[in-house]
Amino acid sequence: MTYVLYLIEVQRSPVLHHFQESRGPLVGKSEMTIRIMHSPSLLLLIIMHIISGAVTSASLRPHIILIVADDLGYNDVSFHGSDQIPTPNIDRLAYTGVLLNNYYVSPICTPTRSALMTGRHPIHTGMQTGVIFGDQPYGLPLTEKLMPQFLNQLGYSSHIVGKWHLGMFAKEYTPLYRGFASHFGYYQGREDYYDHTYEANLDQWGLDFRRDMQVLYNYTGLYSTDLFTQEAVSIINRHNKSEPLFLYLPYQSVHSGNADSPNPLQAPQAYINRFPYIENMQRRIYAAMVSALDDAVGEVYNTLEANNMLNNSIIIFTTDNGGPANGFDNNAANNFPLRGVKTTLWEGGVRGVGLIHSPLLQTSGYVAQQLLHVCDWLPTLYEAAGGNVSHMANLDGISAWKMLNTNGAAVRSEILHNIDPVGKFAGIRVGDYKLVTGDIGHGYNDWYPPWQVKGDEHDLHVKIFQSDMHAGSIAPTERSLKSLSYSNLEAMNTMSVVRMQQKPDEQQRVMGYNPVQVECGPRPVNTSSNCQPSVSPCLFHIPSDPCEYNNLASTEPSIVAQLYQRLLEYSYGMVPPANQPADPQGNPRLHNEMSHQGSAMNSPSLLLLIIAHLIIGVVISASPRPHIILIVADDLGYNDVSFHGSDQIPTPNIDRLAYTGLQHDVICGDQPYGLPLQEMLMPQYLAPLGYHSHIVGKVRFHLNIIFFCKVVGREGTLWEGGVRGVGLIHSPFCKHQAMLLSSCCMCVTGCLLYEAAGKCLPYGKFGWNQRMEDVKYKWSCCASEILHNIDPVGKFAGIRVGDYKLVTGDIGNGYNDWYPPWQVKGDEHDLHVKIFQSDMHSGSIAPTERSLKSLSYSNLEAMNMMSVVRMQQKQDKQQRGMGYNPVQVECGPRPVNASTNCLPAVSPCLFHIPSDPCEYNNLASTEPAIVAQLYQRLLEYSYGMVPPANQPFDPRGNPQLHNGTWVPWVVI
């Protein structure tokens with residue numbers, strides 16, 4: 001008898017090489033055929049061996065211990081050079097593992113934790129703005145798959161001990177419903193370290209401490225750092241060693257407690273007594289909190305070792321954001337000499353304290369200079385655990401396991417710090433350069449030394465830093481010297497003992513246990529004033545200027561433009577912030593004074609007052625309002641009316657309105673979406689003013705007027721031929737008629753008609769508001785810019801600000817040329833840009849009879865017809881000063897490289913539209929500062945952008961199902 005056995009690959013962990021010497025070579029991906037002659041029992045033994053091997057492989061996946069320190073500052077660990085606070089246990093992990101020196105996190109808590117758990121940037125989960133407060137009914141979207149859910153698929157047992165802060169208004173958002181088998185800790189962003197209550201505001205206070213879903217009342221008086229460490233030790237001790245463990249350990253330390261507490265910074269007295277040399281009490285208590293955290297890390301490490309789990313463990317230590325220095329949030333953390341604090345996009349807010357430690361690392365004991373972002377941890381740990389990262393969809397994180405394991409090449413070259421559409425600020429690092437724009441500092445834009453003596457919490461600020469440390473002509477005071485050196489004899493002795501203990505460690509590596517400190521370089525006199533990102537963007541070269549002293553934006557405008565382009569591209573995929581207003585039902589007073597899962601509630605409205613006001617307005621002034629006739633031509637081209645110079649198509653009636661007045665993607669049938677119902681439309685605005693509104697013709701709502709044009713482009717493009725409209729306004733009410741508004745930018749979204757009807761709107765309420773008075777009396781135009789579009793699906797954008805227009809991305813969709821009108825038979829097949837280029841602009845090439853006829857399109861019949869039309873116009877009794885001369889576009893000389901000097905899908909293009917309406921001359925390379933300015937406006941518009949409403953086709957909309965007619969098919 002012959003048996004054929006096919007062995008299917010079982011994915012193994014990359015760290016299993018650690019065990020290969022004792023177990024022999026491991027089999028990789030293969031398909032084996034085993035022929036066993038006359039021995040059925042041997043087949044059974046082989047199957048049992050395979051099953052046993054699968055169990056063994058699961059148990060050999062590395063244990064993962066992920067420790068998060070809350071609000072730990074860059075200068076609050078001794079491996080970064082702090083001479084105030086020794087952290088020997090954390091230092092040991094760094095010095096014998098991999099110290100991450102270019103590691104970045106988000107500037108505040110909830111965004112970082114969301115990125116850590118999902119591997120996705122907060123702009124893609126709606127977590128990019130602020131943090132979740134107690135009674136806000138939102139959380140990390142339930143559509144997101146979290147780290148424990150990924151690891152559980154690989155056989156892990158997942159537990160969380162400590163802080164959650166990713167939503168708790170409904171139980172489905174809490175840890176036990178997001179992949180964790182147990183939770184011991186709290187839901188909110190902060191609480192008292194001893195009584196474990198959380199105060200959202202003066203009216204909302206309650207207990208927030210629990211085991212799983214059970215609120216715990218009997219832990220009052222016990223320090224949270226100790227409690228969380230005891231729980232972590234218990235989980236490790238009782239863990240089934242045949243299964244891999246994922247322990248997520250987000251400590252409360254060293255976040256401040258409740259804001260109105262007499263002592264927001266809290267630590268056991270025994271730890272406070274360790275730091276008598278720090279005279280400033282707030283900083284001394286803070287140092288005690290850090291020291292307690294350091295001891296906790298050491299205890300977890302020792303417990304892993306005692307359980308023979310350490311050699312098969314990966315330990316990650318990270319902060320969630322920069323330290324809240326200089327009293328921010330009632331804290332005494334420190335990031336010196338980095339700039340800024342928590343919540344800011346300065347390096348002090350986003351450059352994280354981070355390390356990875358594992359005996360499984362092939363290379364360790366080194367400083368990693370490669371860029372790493374907090375969202376990289378999920379794919380990195382998943383790969384280290386033996387998972388196939390290619391099966392993880394829609395991640396922003398990149399697996400850095402191979403890089404960290406061997407000190408290999410960097411896996412990323414850029415980091416998006418944030419785009420906050422509410423705060424309207426952004427920051428990005430690409431390569432060595434960092435760009436920041438908007439109010440990124442929230443009032444904390446300086447460099448803050450650590451507090452040392454009594455009074456520093458009131459007196460120590462950037463002025464002392466500038467004068468005492470950097471101005472040699474100013475003699476430092478005794479107090480400031482003591483504050484800024486903070487290294488009296490007792491402190492020096494303490495740190496010496498710590499370092500002596502570290503030196504003989506048996507796992508010493510090549511680093512030699514030397515602190516990795518930031519070197520700022522020389523500080524210019526104008527450091528505090530040369531960068532004001534709320535006014536204009538700032539650019540820094542981080543490797544040579546980590547302290548952000550030297551703003552290079554004015555000297556490197558092309559780099560500024562490149563980083564703006566990346567910010568804009570990131571904005572295409574951004575989702576709106578998920579933040580919600582507070583819900584009174586979440587108040588702990590309604591739930592026995594404990595934090596509770598609530599639900600949303602609608603507030604009552606005062607619409608009656610508004611309705612009454614509108615009725616009064618109708619009664620008073622309905623009768624004298626002008627009649628409004630709004631005519632829209634569908635796909636009419638710029639060169640398809642004779643008042644724009646067309647010699648093919650006479651349009652005498654439209655011309656008459658123009659000469660005697662003032663000139664100036666679509667929904668398919670079975671797509672189940674439309675203009676949102678919450679949008680108020682023109683007839684709805686006009687109805688309260690007494691208007692009767694009717695529509696005759698096409699109902700489909702376009703986003704803009706679309707047309708063909710004599711200049712570059714066609715329908716669907718952002719070239720002038722796609723967005724420059726055929727338009728006019730005609731009314732006896734206009735004081736200046738027969739007028740050409742040649743220099744006035746007007747947009748189809750203006751509110752001119754509403755104001756003409758007698759109702760004034762606040763300027764700017766609708767983005768663009770071309771006031772009727774400006775048109776009526778020919779005053780100066782108030783619309784100085786027009787956003788053509790930001791398309792996050794097509795990933796292209798265009799804007800005009802003043803005289804300049806910027807376009808970026810594939811704005812032409814394949815139609816990027818200049819297209820003459822068809823005249824003779826065959827033009828629809830033969831006439832293309834080559835003929836236009838050669839026959840009209842190159843005198844050395846003789847035009848053919850066909851192309852001459854096509855391009856002049858002025859045979860006798862056409863000329864006679866146009867003459868008659870113009871004679872009729874001349875005799876019109878309403879003749880005005882324009883003389884009925886067609887308003888034509890003057891292109892100017894066309895350069896030879898007009899078709900190639902602008903490739904917006906590759907790099908942005910800039911045009912000066914008044915002198916170059918045909919978009920011949922790309923000025924981007926010669927005007928990079930203007931490019932940067934227009935990019936800034938695009939970015940600001942993106943802050944308020946909502947995702948496209950497009951939906952896939954719905955077969956229920958097919959007319960064949962509705963007697964051959966298009967009808968609404970969805971009931972709302």
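For reference, positions follow the sequence shown, starting with 1. No experiment lies behind these values; they were computed from the predicted model shown.
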Could you walk me through whether Phe209 and Phe184 pass the ring-ring contact (aromatic ring centres under 6.0 Å, His included) check? CA-CA 8 Å; Phe209 206 65; Phe184 179 78; 5.3 Å; yes
Assess whether side chain to side chain donor-acceptor pair (under 3.5 Å) is satisfied between Gln230 and Asp226, documenting all intermediate values. CA-CA 6 Å; Gln230 292 166 13; Asp226 294 338; 5.6 Å; no
Could you please spell out the steps behind the side chain to side chain donor-acceptor pair (under 3.5 Å) verdict for Asn89 and Glu299? CA-CA 9 Å; Asn89 293 293; Glu299 192 166 348; over 6 Å; no
Check the pair Tyr251, Thr229 against side chain to side chain donor-acceptor pair (under 3.5 Å), reporting the backbone distance first and the verdict last. CA-CA 9 Å; Tyr251 276 100; Thr229 303; 2.8 Å; yes
Does the pair Arg210 and Asp208 meet the rule for a salt bridge (Lys or Arg N to Asp or Glu O under 4.0 Å), with working shown? CA-CA 7 Å; Arg210 65 199 70 237; Asp208 183 20; 3.1 Å; yes
Report the C-alpha distance between Trp205 and Thr197 in whole Å, list the side-chain angles of each, state the deciding distance to 0.1 Å, and finish with yes or no for side chain to side chain donor-acceptor pair (under 3.5 Å). CA-CA 7 Å; Trp205 171 90; Thr197 60; 3.1 Å; yes
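Side-chain atoms of Arg339 come within 3.5 Å of backbone atoms of Asn445 as a donor-acceptor pair (strictly under, hydrogens ignored). Of the possible polar contacts, one joining the Arg283 side chain to the Ala332 backbone as a donor-acceptor pair under 3.5 Å is found. Using modelled atom types, one side-chain atom of Tyr198 and one backbone atom of Gly134 make a donor-acceptor pair closer than 3.5 Å. For Ser158 (side chain) and Phe246 (main-chain N/O), no donor-acceptor pair under 3.5 Å exists by modelled atom type. For the pair Lys163 (side chain) and Gly189 (backbone), a donor-acceptor distance under 3.5 Å is present. When atom types are taken as modelled, the side chain of Asp91 and the backbone of Val77 share no donor-acceptor pair closer than 3.5 angstrom. Of the possible polar contacts, none joining the Thr87 side chain to the Ile90 backbone as a donor-acceptor pair under 3.5 Å is found. Remark: side-chain polar atoms of Asn302 are paired, donor with acceptor, to backbone N or O of Gly298 under 3.5 angstrom. Remark: side-chain polar atoms of Trp377 are not paired, donor with acceptor, to backbone N or O of Thr380 under 3.5 angstrom. Here the side chain of Asn331 pairs a donor or acceptor atom with the backbone of Ala333 at under 3.5 angstrom.
A side-chain contact (heavy atoms from CB on, under 4.5 Å) with His357 is found for exactly one of Tyr301, Phe317, Tyr95, namely Tyr301. The residue from His417, Glu347, His373 that alone fulfils the side chain to side chain donor-acceptor pair (under 3.5 Å) condition with Tyr104 is Glu347.
For the pair Pro107/Thr344, no side-chain contact is recorded, criterion being any heavy-atom separation below 4.5 Å from C-beta on.
Summarising the geometry of Ile272 relative to Ile285, their closest heavy-atom pair is CD1-CG1, 4.1 Å, with the distance given to 0.1 Å. Of all heavy-atom pairs between Leu293 and Ala69, the closest is CD2-CB, 3.7 Å. Among all heavy-atom pairs drawn from Ser114 and Met127, the shortest one is OG-CB, 3.6 Å. Across Val518 and Pro546, no two heavy atoms sit closer than the pair CG1-CG, 3.6 Å. Nearest approach of Leu361 to Leu404, heavy atoms of both residues: CD2-O, 3.9 Å. The two residues Pro337 and Trp447 come nearest to each other via the heavy atoms O-CD1, 3.2 Å.
Taken to the nearest 0.5 Å, the SG atom of Cys547 stands 8.0 Å off from the CZ atom of Phe336. Taking CD1 of Ile85 as the reference point, atom CG of Asn75 lies at 8.0 Å (rounded to 0.5 Å). Rounding to the nearest 0.5 angstrom, the gap separating the CG atom in Leu93 from the OG atom in Ser364 is 12.0 Å.
Inspection of the Arg92 and Thr96 side chains reveals no N or O donor paired with an N or O acceptor under 3.5 Å.
With sequence neighbours left out, Tyr223 forms a ring pair (Phe, Tyr, Trp, His ring centres under 6.0 Å) with Tyr193, Tyr194. The ring pair (Phe, Tyr, Trp, His ring centres under 6.0 Å) test applied to Phe425 returns His442, not counting sequence neighbours.
The residues Asp320 and Lys342 are annotated as not salt-bridged, no charged nitrogen and carboxylate oxygen being separated by less than 4.0 angstrom. Residues Arg190 and Asp71 are not paired through a salt bridge, judged by the lack of any N-O separation under 4.0 Å between the basic side chain and the carboxylate.
The cationic atom of Arg523 (NZ for Lys, CZ for Arg) lies less than 6.0 Å from the six-membered ring centre of Tyr549 and within 45° of the ring axis.
Taking the six-membered ring for Trp, Tyr186 and His196 have ring centres at least 6.0 Å apart.
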